[in-house]
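Scope of the values below: all heavy atoms of this structure, side chains included, with no hydrogens, waters or symmetry mates.
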Amino acid sequence: MHDLIRTVVAYVLILGVLVFIHELGHYLAARWRGVKVETFSIGFGPAIRSWYDRSGTEWRLSAIPLGGFVKPHGFEGPDDATDEQKAAWIPGKTFHDKSVGSRAIVIIMGPVFNFIFAILAFTILFAVVGKPEVKPEISVVVSNSAAEHAGVKTGDIITRIGDLKVMSAEDIQSNVAAHPGENTTLAIRRAGQDLSLPVTFDTFKQGNKVFGRLGIGFSAVPGKRMPIPTAFVSGVEATWSMCGQVLEGVWQIVSGQRSARELGGTIRIAQMSGQVAQYGIASVVSFMALLSINLGLINLFPIPVLDGGRLLFYAIEAIKGRPVSRRVQEVSMQVGMALIGALFLFSTLNDLTNIGLFHWLAHMGG
């Protein structure tokens with residue numbers, strides 16, 4: 001029960017903060033572009049608590065902690081608004097009356113704030129704790145792997161692979177992956193002695209590609225704390241690198257190089273939130289940065305309903321000089337809703353499969 005409570009609390013707090021950051025981007029951009037904001041909600045459904053600020057914005061904490069939204073004044077256009085809504089419009093404060101550039105700024109600033117949050121989170125982490133570094137010392141040798149067959153032991157340090165001088169753990173990983181099945185030698189430093197071990201890399205297939213594998217693991221240790229300017233630069237680099245990794249992972253799933261079974265949903269995020277909460281604030285901050293990057297990128301996908309879909313409509317409007325037709329927008333929104341719903345259902349089924357629910361039900365039925 002204690003683990004369940006920790007998982008739920010960690011999930012609600014972590015997701016709540018990230019949703020707040022995302023929606024704050026929309027909110028501040030709307031205020032900057034002269035748009036009144038009617039509602040700022042964390043969560044969906046009935047409000048648990050709500051209040052109004054001096055500008056007339058209703059702030060809500062809602063019952064279903066699966067996201068949030070900001071509702072700009074006059075978000076619905078003249079074709080969609082009721083007579084009552086039109087009568088309540090404040091001239092000069094409506095979203096639909098703003099230029100396409102201003103509307104695009106309001107929409108894009110949600111994801112942008114997610115990336116800014118990730119950069120700041122990494123900056124603080126690297127400045128206070130230090131940037132984690134992967135030690136070249138081997139901490140794990142996988143049973144029945146190429147490394148074990150070659151005689152590699154934990155505590156060994158690989159200094160060369162064939163003629164290649166090894167500078168880091170990344171050098172080893174990239175070189176091995178690029179040479180599946182290759183016969184070569186490993187130069188090893190063990191307890192102050194230099195050894196040479198013949199090795200044949202294992203091979204494994206991922207999609208249509210074949211990669212090499214050695215079967216070792218490395219340990220990560222906190223690095224030295226950085227000055228804030230250096231930490232900021234490293235934070236930008238880490239955010240950029242993770243964006244690339246996330247997009248590469250999505251492409252591998254779409255292109256069939258990786259199984260769609262790897263997709264996780266709300267339950268997986270909740271599980272991971274509970275797990276990282278056990279390891280302290282540094283782990284929580286790292287996880288939030290990664291999750292914030294994912295949230296920002298996903299919202300930029302050109303799918304109607306998401307921010308990226310609206311940005312696509314605005315780009316077409318800017319090129320053509322007139323908005324996308326109402327019919328096209330309606331159909332696109334319906335398709336987008338169906339796609340997001342299907343993705344949510346599929347990821348939830350994956351999560352339930354991974355936690356063994358269906359196996360348990362089959363066992364109970366048998």
> Should Met109 and Leu28 be marked as a side-chain contact (heavy atoms from CB on, under 4.5 Å) after you check the CA-CA gap, both sets of side-chain angles, and the distance that decides it?
Replying inline: CA-CA 8 Å; Met109 287 308 290; Leu28 292 177; over 6 Å; no
Separation between [atom1] of [X] and [atom2] of [Y], rounded to the nearest 0.5 Å:
X      : Y      : atom1 : atom2 : answer
Ile281 : Ser286 : CD1   : OG    : 10.0 Å
Leu195 : Asp156 : CG    : CG    : 7.5 Å
Asn114 : Asn294 : CG    : CG    : 10.0 Å
Ile293 : Ser241 : CD1   : OG    : 9.0 Å
Leu297 : Met242 : CG    : CE    : 12.0 Å
Leu186 : Ile161 : CG    : CD1   : 6.0 Å

Find out if a path of hydrophobic residues (ILVMFWY) with successive side-chain heavy-atom gaps under 4.5 Å connects [X] to [Y].
X      : Y      : value
Ile124 : Leu291 : yes
Tyr27  : Phe75  : yes
Val70  : Val17  : yes
Leu18  : Ile42  : yes
Trp32  : Ile107 : yes

> Hey, mind stepping through Thr185 and Leu197 against side-chain contact (heavy atoms from CB on, under 4.5 Å) and telling me if it holds?
Replying inline: CA-CA 5 Å; Thr185 57; Leu197 304 177; over 6 Å; no
Any side-chain to backbone donor/acceptor pair from [X] onto [Y]? Under 3.5 Å, distance only.
X      : Y      : result
His73  : Ile90  : yes
Lys98  : Gly92  : yes
Thr94  : His96  : no
Arg160 : Asp163 : yes

>> Do the side chains of Glu58 and Arg60 get close enough for a salt bridge, i.e. N-O under 4.0 angstrom?
In response: yes
>> For Ser55 versus Asp53, what's the shortest heavy-atom pair and its separation?
In response: OG-OD1, 2.8 Å
Side chains of [X] and [Y], heavy atoms from C-beta outward: is any pair under 4.5 Å?
X      : Y      : result
Phe44  : Phe69  : yes
Ser143 : Glu148 : yes
Leu306 : Leu300 : no
Arg49  : Trp51  : yes
Ser234 : Met226 : yes
Thr200 : Glu182 : no
Asp97  : Trp89  : no
Lys71  : Thr57  : no

>> For a side-chain contact (heavy atoms from CB on, under 4.5 Å) check, start with the C-alpha distance between Ser145 and Asp202, then their side-chain angles and the critical distance, and finish with the verdict.
In response: CA-CA 7 Å; Ser145 65; Asp202 293 328; 4.1 Å; yes
> According to the interplanar angle, ranging from 0 to 90°, do the rings of Phe122 and Phe126 count as parallel (below 30°), tilted (30 to 60°) or perpendicular (above 60°)?
Replying inline: parallel
>> Run the ring pair (Phe, Tyr, Trp, His ring centres under 6.0 Å) test on Phe113 and Phe117 for me, step by step, so that the C-alpha distance in whole Å, both residues' side-chain angles and the decisive distance to 0.1 Å come before the verdict.
In response: CA-CA 6 Å; Phe113 263 52; Phe117 173 83; over 10 Å; no
>> If we check salt bridge (charged side-chain N to carboxylate O under 4.0 Å, His left out) with Glu317, which of these qualifies: Arg322, Arg103, Arg310?
In response: Arg103
